[in-house]
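One structure is given here, and the rest of the page talks about it.
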Amino acid sequence: MAAGRGAAVLRRAWRERRAALLEPSYTPLVAACLCLAEGGVNLWVIRRVPYTEIDWKAYMEEVEGFANGTLDYTRLKGDTGPLVYPAGFVYIFLGLYYATGRGTDIRLAQYLFAGLYLLNLLLVFRIYCRTNKVPPYVFFFMCCASYRIHSIFVLRLFNDPVAMAILFLAINLFLEEHWSWGCFFFSLAVSVKMNILLFAPGLLFLLLQQFGLRGCIPKLCICALLQVVLGLPFLLVNPVGYLTRSFDLGRQFQFKWTVNWRFLSEEVFQNRAFHATLLLVHLAGLGLFALHRWHRSKESILALLKDPAERKHASPPLTVNKIIFVLFSSNFLGVCCSRSLHYQFYVWYFHTLPYLLWCTPTAKLAHMPKVLLLGVIELCWNTYPSTVCSSLSLHICHGLVLLQLWYGTAPPPVTHTPLPSRRPAAISKKAQ
């Protein structure tokens, strides 16, 4: 009897352990364990892996010019070139400049970015707890297994993680239906780095669905007004210089740093016609997803311009998963069509990949190919310098993610119930 009870306890413990790895309801428990582990991992990385200087010194030189009274944006420069980020970057990194002894205390800066890493992870886990889609075992790959992400945060001190952390805070506010505050922090994230604008098409769609055009305008004004307030000191001195430097959409990237287009020649990579083609493909992808995957109402998509109360068919309510799917897929489409991806740009979409892969129904045997896809993407980003093979592999992986997003979220086919026959049913002789 005792042996039977012990076996039952072991079986129950095994079932619970398996559920903790596979059931999304266990995400808070797994997230707490991983956050504790990540604190130790980041401390180990800071103490054992040498710091690599890439942009931190340039950041400090750029904000030092502002601290010394320079308000002409065209005169703010670092050792890697002119300042090309909006004003929010200047204020945040000016704070880091003073906190780290004018940028000289690198170890303190690393600890601050380790804290940013953990804050970013908490915000991401809060989103995944709400979606209840991704099996918890996937988060082990999202956390401890990515060398590149730890490097971007605590060994390189790039500004990309700062922008993404603020963006995830904005998304959490959207999920709580604090749309005005969400737009405020979304705009703040844009003021740190422009890549956040890749989420903007999805956000505009959500605002139109929730509020209509008239209700959407105040939210957009919040975004625009914050940009004006943050950039005002520079706009008053040299408005053209500020706008062309901080929001330079035509900026040329260096071919030696590209991760995604290594299989092209440098001449094609720098060609404006190639850039225009990528833009058209991006817009076409956004249009297709907006028409056929984001928009689920029976009415035309133009009905989103109307006030929600005036629409003939009420739009489906904005669920947590609808908000996340629209925002994450909007960003992913932009990443796929990017003119160039540098190594630090991995953080633009790394934390969204588990949702993009597991938001669609997943059979038991389909888990392994999705994990394999995550591994190949990680391998592509860890290949330095990038090769023809790594760049092609990255595009193939992106294409597979897009295909499963497109077909996995297709609306169910409309079933037509056959009309009843008007002919009377034949009566058997026995019944007669």
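Remember, it's a predicted structure, so these values are computed and weren't measured experimentally.
Among all heavy-atom pairs drawn from Leu353 and Leu374, the shortest one is CB-CD2, 3.8 Å. Across all non-hydrogen atoms, the minimal contact from Ile377 to Cys397 is CG1-CB, 3.6 Å. Heavy-atom minimum distance, Cys380 versus Leu394: SG-N, 3.6 Å. In terms of heavy-atom proximity, Thr27 sits nearest to Val134 at OG1-O, 4.0 Å. Here the shortest heavy-atom pairing between Ala114 and Ile46 reads CB-CD1, 3.9 Å. Scanning both residues, Gly81 and Glu62, for their nearest heavy atoms gives O-OE2, 3.7 Å.
Rounded to the nearest 0.5 angstrom, Leu123 CG and Leu119 CG are separated by 4.5 Å. A distance of 9.5 Å separates CZ of Arg339 from CG of Leu279, quoted to the nearest 0.5 Å. For the atom pair Leu71 CG and Leu235 CG, the distance stands at 11.0 Å (nearest 0.5 Å). The CH2 atom of Trp381 sits 8.5 Å away from atom OH of Tyr343, with the distance rounded to the nearest 0.5 Å. The distance from the CG atom of Leu122 to the CG atom of Leu169 is 12.0 Å, given to the nearest 0.5 Å. Interatomic distance, CG of Leu372 versus NE2 of His367, reported as 14.5 Å (0.5 Å rounding).
Around NZ of Lys57, the count of heavy atoms belonging to other residues, nucleotides or ligands within 6.0 Å does not exceed 12.
Annotation: ring pair (Phe, Tyr, Trp, His ring centres under 6.0 Å) contacts involving residues 26-45, sequence neighbours excluded, are absent.
Because its NZ or CZ atom is both nearer than 6.0 Å to the ring centre of Phe255 and within 45° of the ring axis, Arg262 counts as a cation-pi partner of that residue. A cation-pi arrangement is present between Lys219 and Phe211 under the rule of less than 6.0 angstrom and at most 45 degrees off the ring axis.
At a cut-off of 3.5 Å, with distance as the only test, no side-chain donor of Asn68 or Thr70 sits close to an acceptor on the other residue. If you check the side chains of Tyr128 and His351, you find no donor sitting under 3.5 Å from an acceptor. For the residue pair His150/Glu38, the side-chain donor-acceptor check at 3.5 Å is satisfied.
Judged by distance alone, the side chain of Ser300 and the main-chain N or O of Ala303 form no donor-acceptor pair under 3.5 Å. Panel note: side chain Asp72, backbone Asn238; no donor-acceptor pair is recorded below 3.5 Å. Remark: side-chain polar atoms of Ser191 are paired, donor with acceptor, to backbone N or O of Leu188 under 3.5 angstrom. A donor-acceptor pair under 3.5 Å is formed between the side chain of Ser386 and the backbone N or O of Thr258. Between the Ser391 side chain and the Val259 main chain, a donor and an acceptor come within less than 3.5 Å of each other. Judged by distance alone, with hydrogens and angles left aside, the side-chain atoms of Gln110 form no donor-acceptor pair with the main-chain N or O of Leu157 at under 3.5 Å. With Thr244 contributing its side chain and Val240 its backbone, the two residues share a donor-acceptor pair below 3.5 Å. Side-chain atoms of Tyr59 do not come within 3.5 Å of backbone N or O of Gly103 as any donor-acceptor pair. Using modelled atom types, no side-chain atom of Lys133 and backbone atom of Trp358 make a donor-acceptor pair closer than 3.5 Å.
Exactly one of Tyr346, Phe350, Tyr117, Phe158 qualifies for a ring-ring contact (aromatic ring centres under 6.0 Å, His included) with Phe153. That residue is Tyr117. Tested against Trp406 for a ring-ring contact (aromatic ring centres under 6.0 Å, His included), the candidates Phe332, Trp294, Phe289 yield a single pass: Phe289.
By the 4.0 Å N-to-carboxylate-O rule, Arg156 lies too far from Asp55 to be salt-bridged with it.
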Under the ring-ring contact (aromatic ring centres under 6.0 Å, His included) criterion, do Trp56 and Tyr51 qualify, and how do the steps go?
-> CA-CA 11 Å; Trp56 173 259; Tyr51 163 78; 8.0 Å; no
Test side chain to side chain contact (heavy atoms under 4.5 Å, CB included) on Ile149 and Ile152 and set out the steps. CA-CA 5 Å; Ile149 294 300; Ile152 290 169; 4.3 Å; yes
Worked verdict on Phe325 versus Tyr355 for ring-ring contact (aromatic ring centres under 6.0 Å, His included)
CA-CA 8 Å; Phe325 174 73; Tyr355 184 84; 7.3 Å; no
Q: Show your reasoning for whether side chain to side chain donor-acceptor pair (under 3.5 Å) applies to Trp348 and Asn331.
A: CA-CA 8 Å; Trp348 291 5; Asn331 176 64; over 6 Å; no
| Checking side chain to side chain donor-acceptor pair (under 3.5 Å) for the pair Gln227/Ser187: CA distance, chi angles, key distance, verdict? | CA-CA 7 Å; Gln227 294 299 322; Ser187 184; 2.8 Å; yes
- Item | Evaluation steps, side chain to side chain donor-acceptor pair (under 3.5 Å), between Tyr97 and Glu64 | CA-CA 8 Å; Tyr97 171 81; Glu64 187 175 46; 3.0 Å; yes
Intermediate values then yes/no, side chain to side chain contact (heavy atoms under 4.5 Å, CB included), Val90 and Leu83 = CA-CA 9 Å; Val90 175; Leu83 173 58; 3.7 Å; yes
What do the steps show when you test Arg214 against Asp307 for salt bridge (charged side-chain N to carboxylate O under 4.0 Å, His left out), and what is the final call? CA-CA 7 Å; Arg214 186 179 301 175; Asp307 187 274; over 6 Å; no
query: For Thr100 and Ile106, what are the C-alpha separation, side-chain angles and deciding distance, and is it a side chain to side chain contact (heavy atoms under 4.5 Å, CB included)?
result: CA-CA 7 Å; Thr100 58; Ile106 302 296; over 6 Å; no
query: Should Leu204 and Cys216 be marked as a side chain to side chain contact (heavy atoms under 4.5 Å, CB included) after you check the CA-CA gap, both sets of side-chain angles, and the distance that decides it?
result: CA-CA 8 Å; Leu204 178 61; Cys216 176; 4.0 Å; yes
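Using a 4.5 Å cut-off on side-chain heavy atoms (C-beta onward), Phe205 and Leu208 make no contact. Residues Ser246 and Tyr85 form no side-chain contact, since every pair of their non-hydrogen atoms from C-beta on lies 4.5 Å or further apart. Looking only at side-chain heavy atoms (C-beta outward), Leu327 and Leu203 come within less than 4.5 Å of each other. Here the side chains of Met164 and Asn195 are in contact, with some heavy-atom distance below 4.5 Å. Here the side chains of Lys77 and Glu61 are not in contact, with every heavy-atom distance at 4.5 Å or above. Using a 4.5 Å heavy-atom cutoff, the side chains of Phe140 and Leu21 are in contact. Side-chain atoms of Gln252 and Arg272, non-hydrogen and from C-beta on, do get closer than 4.5 Å to each other. Using a 4.5 Å heavy-atom cutoff, the side chains of Leu207 and Cys183 are in contact.
Partners of Arg130 by salt bridge (Lys or Arg N to Asp or Glu O under 4.0 Å), not counting sequence neighbours, listed by chain and number: Glu176.
Centroid-to-centroid, the aromatic rings of Phe234 and Phe66 come within less than 6.0 Å.
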